[in-house]
Amino acid sequence: MKYWLLKTEPESFSIQELQNSPNKTTCWSGVRNYQARNFLRDEMKTGDRVLFYHSNANPPAIVGTARVVKEGYPDGTALDEHDHHWDPKSTAENPIWYMVDIQLDRIFAQPLGLDHLRTVAALQKMELLRKGSRLSVQPVSAAEFKEVLKQAGVK
DNA sequence: GCCAACGTTGGC
DNA sequence: GCCAACGTTGGC
């Protein structure tokens, strides 16, 4: 099993919206970065655990966890010319962009803000904390995932 | 709103 | 293949 961190701007799609989604499940569409695409298409597997991160938020924070419930498949929003994420280079025969489905696991009682995460020794190597880190789908080590749960008070 | 850090594009 | 210009991300 692998561990991941997914970023989202809560104004775009928040963990509360995930909780209110049917089956607390959503497709993770709209990723338009090749490195992130490769993780979605090739490496994320059913059952993998996900840290859910709110970027451009007050404060920016890890706000909960989810699980991968469907592995990589073509992102339909890339094929819809009326969609904001439409990409004319992507076709049904040759899709460029991929997504997975995730299901909410839990919302943390206390969000773990960036400033707090930076103080945790065991998390100093997290990609999220690296200056200039922009990747919206990031691998997380098992030790880091475990530490985040510990910081969140999850047993 | 600012701006540093990145990724992408396209001329050459 | 280089790299300047441009667009985007995201903390602050």
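Naming convention: chains lettered A, B, ... in sequence-line order (proteins, then strands); numbering from 1 in each chain. No experiment lies behind these values; they were computed from the predicted model shown.
The side chain of A/K89 sits closest to B/dT9 out of B/dT9, B/dG7, C/dG11. When distances run from any side-chain atom of A/R130 to the nucleotides B/dC6, C/dG10, B/dT9, the shortest one goes to B/dC6. Residue A/R134 places its side chain closer to C/dG7 than to any other of B/dT8, C/dG11, C/dG7. In this structure, of C/dG10, C/dC12, B/dA5, it is C/dG10 that holds the atom nearest to the side chain of A/N56.
Between the CH2 atom of A/W97 and the C1' atom of B/dT8 there is a distance of 10 Å, rounded to whole Å. Atom NE2 in A/H116 sits roughly 17 Å away from atom P in C/dG11 (whole-Å rounding). Between A/L135 atom CG and C/dT8 atom C1' there is a gap of 14 Å when expressed in whole angstrom units. Summarising the geometry, the separation between NE2 on A/H54 and P on C/dC12 is reported as 17 Å, rounded to the nearest angstrom. Separating the CD atom of A/E9 from the P atom of C/dC12 is a distance of 15 Å, rounded to the nearest angstrom. Rounding to whole angstrom units, CG of residue A/N33 and P of C/dG7 are separated by 18 Å. The CG atom of A/L6 sits 12 Å away from the P atom of C/dG10 (whole-angstrom rounding). The NZ atom of A/K131 sits 12 Å away from the P atom of C/dG11 (whole-angstrom rounding).
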How far apart are the C-alpha atoms of A/T77 and A/R32, what are their side-chain angles, what is the distance that settles it, and do they pass the side-chain hydrogen bond (donor to acceptor under 3.5 Å, both in side chains) test?
CA-CA 11 Å; A/T77 66; A/R32 296 294 179 265; 3.0 Å; yes
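For A/W28 and A/F52, the ring centers sit closer than 6.0 Å to each other. Taking the six-membered ring wherever Trp is involved, the centroid distance between the rings of A/Y34 and A/W97 falls below 6.0 Å.
Taking 4.0 angstrom as the limit, A/K7 places a side-chain polar atom (N or O) nearer than this to OP1 or OP2 of C/dG10. For A/Y34, no side-chain nitrogen or oxygen approaches OP1 or OP2 of B/dC6 to under 4.0 Å.
Taking CG from A/L128 and CG from A/L5, the interatomic distance works out to 5.5 Å, rounded to the nearest 0.5 Å.
Residues A/K2 and A/D48 are not paired through a salt bridge, judged by the lack of any N-O separation under 4.0 Å between the basic side chain and the carboxylate.
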